[in-house]
Amino acid sequence: MRLWGGHGRLRHQRLQTILTVAALATAVALPVVLLSVGGGVSQHELNDLENAGYQIVISAAGLHGVANAHALTDRILAIPSVTAASPVLSVAIDVFLGSGAAVPSLAEGVIPDQFTPTLGPTESGLFPAHLPLGDPTDELHYANGTYAGPANYSILVSSPFAQAYSLSVGQSVKLAPTANDSQAVAYNITGIFGVPLGTLGEVGAFALLLPLSDLQVMTGYAHGPGVPVPDAADTLEVAVTGAVATNPTALNQVRNEIAALVPYYGVSTLSQEAEQLQTAASVLTGFYLALSSVGLTVGLVFLALVMMRRVESDRRSIGVRRALGLPARSIVGRVLLQSVVVAGLGAVIGVVAGILLVEGLATWATGAVQEAAQLAIFVPLTLAELTGAVLVLSLLAGGSAARAALRLDLAEALR
């Protein structure tokens, strides 16, 4: 039997082989894309958890659901072993630059001296050691919940934002909760955070960092009548001493003490979140493999049918070999070799096609698709296992054809 035909019937066999290779390549490319992108995103999230400067997270249901953030921070800081408690409020606001239109931006309100200790080793290098946002405790403006103290009106601007609009320390911009200039308040730029200017060009987040109380007043989440969530925050990140951070039992004890203070909020450790993420990643991997198995099954069934058809078309040649006393293992080996060669070629092309597809999405796609593709990880062992699985299953497809070859009736085959 020949894999690549020349003329007539053999040309038809060549077409069958090409279609089989294409079917298997398509079936293999799908799990390559799913596993590399899904695994890369999961690994990125795990790395973020492992490199975080905090160990415990407090969250609440609803929009900006953590209430009384300043008072809660003081209560948590009173717990032994707690070194920092950083409430963070993230709100989309508009920035007015001169006479131009409003520029949407993400603003984060923090307590300066609590925010810095909760940064991981990667993030800490993006911010000044001491945030130049005025009162480091944010207590002066907060003024025991009255918000009657003096506001500092200082902000830090992300480097992509600063580069895109030629902003520098000392300049002034206006911030507003909506695209209404009449509600805007002037703030002074006292620092730049993020990568050095010129590294990313205009690619990156347009983000601002300002005191928590300032952002709460601006967006209507301070204390006062009709406020949906008074003194609001989205999360509260808690850092503990090194001895407790590396001791699961001691860390859970601190978590339980915090949970007793906020029984209606969610309190979790990063180790718990990492375990949940790993479990979710395993479930997704199983789903990806199950989804991919459909395409692989179709491709392998196609391979089995083509090999059966090949045996049927070469029945006379097989009959002659058997009549001449050629060992059965030689006939079987020939059929299995052709099946493995076709499957191996399809698997290799599929792996290459999957990698090229992901690289193409990482380069030319936009939005979340591009971001996810850029996080893709191609694990050589996983790709080798996938290719090996296709080769092993191809033996089953070739085995059915080899069995048919051995069961041919010699008298009928030689007629």
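The structure displayed is predicted, hence computed values, not measured ones.
Every side chain to side chain contact (heavy atoms under 4.5 Å, CB included) that Asn152 has, sequence neighbours left out, goes to Ser154. For Asp135, the side-chain hydrogen bond (donor to acceptor under 3.5 Å, both in side chains) test picks out Thr137, with sequence neighbours left out. Under the rule for a side chain to side chain contact (heavy atoms under 4.5 Å, CB included), the partners of Val301 that lie at least two apart in sequence or sit in another chain are Thr297, Leu305. Contacts of Thr249 classified as side-chain hydrogen bond (donor to acceptor under 3.5 Å, both in side chains), with partners at least two apart in sequence or in another chain: none. Under the ring pair (Phe, Tyr, Trp, His ring centres under 6.0 Å) criterion, Tyr165 pairs with Phe161, Phe206, not counting sequence neighbours. Considering only residues two or more places apart in sequence or on other chains, Tyr265 meets the ring pair (Phe, Tyr, Trp, His ring centres under 6.0 Å) condition with none of them. Under the rule for a side chain to side chain contact (heavy atoms under 4.5 Å, CB included), the partners of Pro132 that lie at least two apart in sequence or sit in another chain are Pro128, Leu156, Thr190. Judged as a side chain to side chain contact (heavy atoms under 4.5 Å, CB included), and not counting sequence neighbours, Glu371 has no contacts.
Side-chain atoms of Ser293 come within 3.5 Å of backbone N or O of Ala290 as a donor-acceptor pair. Counting only distance, with no hydrogens or angles, the side chain of Ser42 and the backbone of Gly39 share no donor-acceptor pair below 3.5 Å.
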Please tabulate, for the side chains in residues 229-241, all donor-acceptor contacts under 3.5 angstrom to protein atoms that are two or more places apart in sequence or on a different chain.
{"from": "Asp231", "atom 1": "OD1", "to": "His70", "atom 2": "ND1", "distance (Å)": "2.7"}
{"from": "Asp231", "atom 1": "OD1", "to": "Tyr147", "atom 2": "OH", "distance (Å)": "3.2"}
{"from": "Asp231", "atom 1": "OD1", "to": "Gln216", "atom 2": "NE2", "distance (Å)": "2.8"}
{"from": "Asp231", "atom 1": "OD2", "to": "Ala69", "atom 2": "N", "distance (Å)": "3.0"}
{"from": "Asp231", "atom 1": "OD2", "to": "His70", "atom 2": "N", "distance (Å)": "2.8"}
{"from": "Asp231", "atom 1": "OD2", "to": "His70", "atom 2": "ND1", "distance (Å)": "3.3"}
{"from": "Asp234", "atom 1": "OD1", "to": "His64", "atom 2": "N", "distance (Å)": "3.4"}
{"from": "Asp234", "atom 1": "OD1", "to": "His64", "atom 2": "ND1", "distance (Å)": "2.7"}
{"from": "Asp234", "atom 1": "OD2", "to": "His64", "atom 2": "ND1", "distance (Å)": "3.4"}
{"from": "Asp234", "atom 1": "OD2", "to": "Ser90", "atom 2": "N", "distance (Å)": "2.6"}

Side-chain donor-acceptor pairs under 3.5 Å in residues 357-369, sequence neighbours left out?
{"from": "Thr363", "atom 1": "OG1", "to": "Glu359", "atom 2": "O", "distance (Å)": "2.9"}

Atom pairs and distances, donor-acceptor, side-chain atoms in residues 27-38, under 3.5 Å, two or more places apart:
{"from": "Ser36", "atom 1": "OG", "to": "Val32", "atom 2": "O", "distance (Å)": "2.6"}
{"from": "Ser36", "atom 1": "OG", "to": "Val33", "atom 2": "O", "distance (Å)": "3.2"}

Show me the donor-acceptor pairs within less than 3.5 Å that the side chains of residues 375-398 make with the rest of the protein, sequence neighbours left out.
{"from": "Thr387", "atom 1": "OG1", "to": "Leu383", "atom 2": "O", "distance (Å)": "3.0"}
{"from": "Ser394", "atom 1": "OG", "to": "Leu391", "atom 2": "O", "distance (Å)": "2.5"}

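Shortest non-hydrogen contact noted between Ser105 and Val95 is CB-CG2, 3.9 Å.
For the residue pair Thr178/Gln183, the side-chain donor-acceptor check at 3.5 Å is satisfied.
Within the 4.5 Å cutoff, no side-chain heavy atoms of Ile189 are placed close to those of Ser168.
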